[in-house]
Amino acid sequence: MSIFRPIRAVLLASAVASVSAAALAAQQGTVFTIPNLYVFCQHRVAAIFPSEPMIRDIMYTNGDRTVPARQFYVENGMDRYSVTIADFTEGGPAIDDTIVENAATQLRQRGELRIQFPEDYTPGIPGRQLNIMESDGRLLRASLYMADHRLYITETLTDPNDSAAIQFEQSVLMIDAMGRDLNGVANVNRYACQR
């Protein structure tokens, strides 16, 4: 657990250093473009991937429901970085902690649970953050959140010391159709939609 505190401290220090510029830009209505930040407004997600992600449509099963999902992913050798957005808009709830917990239960079965936090994205958007060591020694870093009838599942499966996995995990944003972060408390920025 202690390895994450220095990393988060560096990320926090970087964020604090850029707050003034970001706040001024937000007041002026600036739309941010950040290198390697892939912004998919239609699917309400943005993330820093290690390279341009591939996209595929899949079916996602949660409990007794199967729904369409879109997956954005990068595979680099044995390393994998992905965001899956499961679409519960057809008769599903806008936010449902049971759906989030069902998804977390599926992930927990993949190995030894090392770290688990019931972590909301922002107040009112329930979530979980998990670190799971798989039997081959690779670390699954995952987060799950639900908002606006969409379940967001982020996963990295890499060597435990992979810095790209940490950057990816920390960069994922849930956004609205205009590219604004749903966490309007901590981040009032708007990002340039790509697709």
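Residues Gln129 and Arg141 bring no donor and acceptor atom of their side chains to less than 3.5 Å of each other. For the 3.5 Å distance criterion, the side chains of Gln71 and Thr84 qualify, holding a donor opposite an acceptor.
A cation-pi contact, defined as under 6.0 Å to the ring centre and within 45° of the axis, is absent between Arg180 and Tyr191.
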**Request:** Verify ring-ring contact (aromatic ring centres under 6.0 Å, His included) between Tyr73 and Tyr81, making sure each step is shown before the conclusion.
**Result:** CA-CA 5 Å; Tyr73 67 100; Tyr81 312 81; over 10 Å; no
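Among residues two or more places apart in sequence or in another chain, the salt bridge (Lys or Arg N to Asp or Glu O under 4.0 Å) test is passed with Arg80 by Glu75. In this structure, the ring-ring contact (aromatic ring centres under 6.0 Å, His included) partners of Tyr145, at least two apart in sequence or on a different chain, are Tyr121.
Electrostatic pairing of Asp87 and Arg70 does not count as a salt bridge here, judged by no charged N lying under 4.0 Å from a carboxylate O. Comment: Arg128 engages Asp97 in a salt bridge, judged by a side-chain N to carboxylate O separation of less than 4.0 angstrom. At a threshold of 4.0 Å, the pair Glu90-Arg65 does not count as salt-bridged, since none of the basic side-chain nitrogens sits closer than that to a carboxylate oxygen.
Taking 4.5 Å as the limit, some side-chain heavy atom of Ile125 sits within range of a side-chain heavy atom of Met174.
Residue Leu157 shares its hydrophobic cluster (ILVMFWY side chains chained together at separations under 4.5 Å) with Tyr60, Val67, Phe88, Ile99, Val100, Leu107, Leu113, Leu130, Ile132, Leu140, Leu144, Met146, Leu151, Ile153.
A donor-acceptor distance shorter than 3.5 angstrom exists from the side chain of Arg138 to the backbone of Met78, with no hydrogens or angles considered.
Hydrophobic clustering, with ILVMFWY side chains joined whenever heavy atoms are under 4.5 angstrom apart, groups Leu182 together with Tyr38. Hydrophobic clustering (side-chain heavy atoms under 4.5 Å, transitive across Ile, Leu, Val, Met, Phe, Trp, Tyr) keeps Tyr152 apart from Ile95. Hydrophobic clustering, with ILVMFWY side chains joined whenever heavy atoms are under 4.5 angstrom apart, groups Ile55 together with Phe168.
Aromatic ring centres of Phe72 and Phe49 lie farther apart than the 6.0 Å criterion allows.
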